[in-house]
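Each remark here refers to the structure printed beneath this line.
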Protein chains: 2
Amino acid sequence: MSIDISQLQEIFKDLSFTTEESKFIASKLEEINLKKGDTLLHANELVYDQYYVSNGCLRTYFIDNSGKEHTLQFAINDWWISDYTAFFTTTKAIMTIECIQDAIVYKISRKSMDHLYAEIPQLETFFRKKMEKAFAAFQKRILSNLSQSAKERYTAFFSTYPNIEQSVKNYHIASYLGITTESLSRIRKEI
Amino acid sequence: MSIDISQLQEIFKDLSFTTEESKFIASKLEEINLKKGDTLLHANELVYDQYYVSNGCLRTYFIDNSGKEHTLQFAINDWWISDYTAFFTTTKAIMTIECIQDAIVYKISRKSMDHLYAEIPQLETFFRKKMEKAFAAFQKRILSNLSQSAKERYTAFFSTYPNIEQSVKNYHIASYLGITTESLSRIRKEI
């Protein structure tokens, strides 16, 4: 189902739209209710959509050839999530997105986004800026992986994702930090 | 100095502009000639600009508290480079950008970009798409750091930066891969 117009304010905080624009945008967004354990996107599926997280918690992970999971990111309230490499090129996902705490997300397709950009140019500006922030965050993450100790990255993790502790399992955090769960326990004891 | 209109084709390959638009865009871009060893951006400087690399090779690196260098990225022909976290927020650079092979770059300020977006909307689309690609590339890099061996990352490095070998020193590559130069030598012998 389409989302309610009143929910647009939550997503596009500082923007204002005409009633017609609001209806148009809302018609492109679909609300999805997820239960903990649900899979939103499976690896090897074609990726047509990205998702706005209204509440709850999701995790994007990659399974390597040896079957080991690597967590790319978590998404909490007000984050957008997808397998972006696949989303931008409409190719197959290499990642899986699972719900790790009951969530409400709003889905929008790439095709709908292109419609929105064409009809409402301020949305292109909005998403360009979102993308800039996300890019800067990834830049920071790459640097932190290269230059920080696991302990420093553990601390940074909780500033990136405040209040996430109750949603995530130890192996989620360890696979995000690129360390073993044993190393994670050691770091926790030290702190 | 402003760049010549004919150079716009190189940067904005698939776009076409009116003569007036071309003049306007060219007036916002400044050509800079760099010699190997020159520093384009110093850590702790306020960042107002990003740079299009016409030819040559640049390297962005970060120096940690212990004085160790970490290479975030290289930029060769047709790449854009800056300290993007700082550029998007007009804050101080945490990174340094040096020229590692004589280069010609075109500089543009954030303020000029905002002018261009307002006057020529197709440029906002152009840069949004660039940003999407760069974001997807960083996503891939984070996953590769988490899940691939140093040997696999070494191979991936040369597919990301073909023909870069003659421009880069061993410690540049090692600090990009997050390994020691000794490990790099070992990997090279194995391959």
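Proteins come first, then strands; the chains are lettered A, B, ... in the order of their sequence lines, and each starts at number 1. Everything quoted here is computed from the prediction, not taken from an experiment.
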- Message: Any non-hydrogen side-chain atom of F138(A) less than 4.5 Å from a side-chain atom of Q139(B)?
- Response: yes

- Using a cut-off of 6.0 Å, state whether more than 12 heavy atoms not belonging to K189(B) lie near its atom NZ. no

- Query: Can you name the one residue among T85(A), D64(A), I94(A), T71(A) that meets side-chain contact (heavy atoms from CB on, under 4.5 Å) with L143(B)?
  - Reply: I94(A)

- Would you mind checking which part of T89(A) comes under 4.5 Å of any heavy atom in chain B, side chain (CB onward), backbone (N, CA, C, O), both or neither? neither

- Note on the structure: Of the listed M95(A), M131(A), E69(A), E124(A), the one with the largest count of heavy-atom pairs under 4.5 Å with chain B is E124(A)

- Task: Check the surroundings of atom CD in Q166(B): do more than 12 heavy atoms from other residues, nucleotides or ligands lie under 6.0 Å from it?
- Result: yes

- What part of Y176(A) lies closer than 4.5 angstrom to a heavy atom of chain B: side chain, backbone, both or neither? backbone

- Scored by heavy-atom pairs under 4.5 Å with chain B, the best of G178(A), S147(A), A136(A) is S147(A)

- Give a yes or no on this: more than 12 heavy atoms of other residues, nucleotides or ligands lie within 6.0 Å of atom CD of E10(B). yes

- Query: Once you round to the nearest 0.5 Å, how far does CZ of R141(B) lie from CG of L146(A)?
  - Reply: 5.5 Å

- Message: Same cluster or not: W79(B) versus F126(B), using hydrophobic residues (I, L, V, M, F, W, Y) connected whenever any side-chain heavy atoms lie under 4.5 Å apart?
- Response: no

- Task: Could you state whether V168(A) and L40(A) fall into the same hydrophobic cluster, counting links through intermediate Ile, Leu, Val, Met, Phe, Trp or Tyr residues with side-chain heavy atoms under 4.5 angstrom apart?
- Result: no

- Query: Does Y48(A) OH have over 12 foreign heavy atoms under 6.0 Å away?
  - Reply: no

- Task: For each of F87(A), Y61(A), Y84(A), F127(A), tally heavy-atom pairs with chain B at distances under 4.5 Å, and name the one with the top tally.
- Result: Y84(A)

- Query: Under 6.0 Å from the NZ atom of K140(A), do we count more than 12 heavy atoms belonging to anything else shown?
  - Reply: no

- Is there a side-chain contact between Q73(A) and I142(B) (heavy atoms, below 4.5 Å)? no

- Note on the structure: Whatever's closer than 4.5 Å to a heavy atom in chain B on N65(A) counts as neither

